[in-house]
Amino acid sequence: MEKQALQLHIERILGKKLVPLSVPTEEWHDWTKAQDFERQSSAPVVMHQRNSNWVLLWKSGTSTTELMQVDEHALTEQERQWIELILWMEHQPKPVLPSTHLGDEQQALMLGQWIIERMREGDGSAEVPDTFSWKNKMFTQVVPFLLVAEHAHREGPGYKDLYRLMKSYFGGDLILLPLSEKEWFILCPEQLTQANEADDDEDERETMEELLTSFCLGLYELLANEWVGESHLSIGYPFSPVKGMPGVVAQLRETIYLGRTFHVTDNIHLPWELHLERLVNSISDEVRKQFLQRVVTKADSFTDVETMATLGTFFQYDCSVSETAKRLYIHRNTLLYRLDKIKHETGLDVRKFTDAVLVKLILLLYKVTK
């Protein structure tokens, strides 16, 4: 049983929270030495009464042992025996089913859980173990996608349905790994995303980012049409998944988080478009507040709906007055009036490069400053 699920299971039995506790492994052995002797068994001691608390063996380690602590008065004898049995079974060696005997969905589930476990341990560069028969698929270059579904009030698609949908779009073999009920990691062979450029003019060829963006847009449109419910999608650069998959998933998760934080109306989040957002997010709250206090003379100017819409569109279309006026369906002179008004209220003229950078930074900071 996965550790988080095990904790919730025990807490439901007790009706009480478990409190994490870490101790040196030698100290844990000292605590349980007498109890182990009484049992005369090679099975690990999984519960120990210390002072007025019970401590439960959670995860053994060579130097540190992780425990869970619970108030003694919360346990009846029957509860103690039941929890001890659960923990004892959890710490028994698990029979390993050869991965070659597992179906594709089981293989995908196991590999997805392996990624999550490596991420929890902070091992972003981990290599796929030889025990996974799918490892032989992991040496070719792939394009990674991370899909996060928003279907809180209904069941999400099953593995087979989503795999069939992905394959209908890419038209070849791919790997679909469920990370959770709402999160999927998709690995598409790089050659499936490469346009046939043999006859294209060199000056008209798309960049890597343009190719990846177009595939991401196409996949999202497919999901939106065929899969009812909101979803968020990110894409990364090609890589060889035999090593470093946990790190790639972590990067794509961060990309979706940044996109949803700074661009709340977007559903496609591209890492090469979020460099400034990533930098702003790394700044502490205190530094953000100090910066805004120094630079912003009239905070109300950046909370007005019309002003925010004008500035957002102005930056979206590369500070082009003509294009911004067109997109806002207003006359050019109306837009110039609005920009002059912003300059008068804030002292910042967004038609000047330096001031435009400052205003863009201010808008981003307001989105994450509490």
Fill in: Audit row: S322, L335, side chain to side chain contact (heavy atoms under 4.5 Å, CB included) steps and yes/no
CA-CA 9 Å; S322 299; L335 175 59; over 6 Å; no

Quick check: is [Y] connected to [X] through a chain of hydrophobic side chains (ILVMFWY, heavy atoms under 4.5 Å apart)?
| X | Y | result |
| --- | --- | --- |
| L217 | Y169 | yes |
| L258 | F315 | yes |
| Y257 | L365 | yes |
| L363 | V287 | no |

Indicate yes or no: does [X] engage [Y] in a salt bridge with an N to O separation below 4.0 Å.
| X | Y | result |
| --- | --- | --- |
| E121 | R118 | yes |
| E105 | K160 | no |
| R351 | D340 | yes |
| K167 | D173 | yes |
| K352 | D349 | no |

I'd like to check [X] versus [Y] (side-chain heavy atoms, cut-off strictly below 4.5 Å). Are they in contact?
| X | Y | result |
| --- | --- | --- |
| L270 | C216 | yes |
| F185 | I115 | yes |
| K135 | P129 | no |
| L348 | K343 | no |

Nearest 0.5 Å, please: how far is [atom2] in [Y] from [atom1] in [X]?
| X | Y | atom1 | atom2 | value |
| --- | --- | --- | --- | --- |
| L111 | I175 | CG | CD1 | 7.5 Å |
| I256 | L233 | CD1 | CG | 7.0 Å |
| L176 | L174 | CG | CG | 7.0 Å |
| W272 | I235 | CH2 | CD1 | 5.5 Å |
| E273 | F262 | CD | CZ | 14.5 Å |
| Y159 | D161 | OH | CG | 12.0 Å |

Item to complete: Begin from the C-alpha positions of L339 and F314 and carry the test side chain to side chain contact (heavy atoms under 4.5 Å, CB included) through to its verdict.
Response: CA-CA 10 Å; L339 297 181; F314 187 68; 4.1 Å; yes

Worksheet item: Is the gap between the ring centers of F145 and F170 under 6.0 Å?
Response: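 Centroid separation for F145 and F170: below 6.0 Å.
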
Fill in: Residues T140 and E190: side-chain donor-acceptor under 3.5 angstrom
no

Discussion item. Counting only heavy atoms from other residues, nucleotides and ligands, does the tally under 6.0 Å from NZ of K367 exceed 12?
Written reply: yes

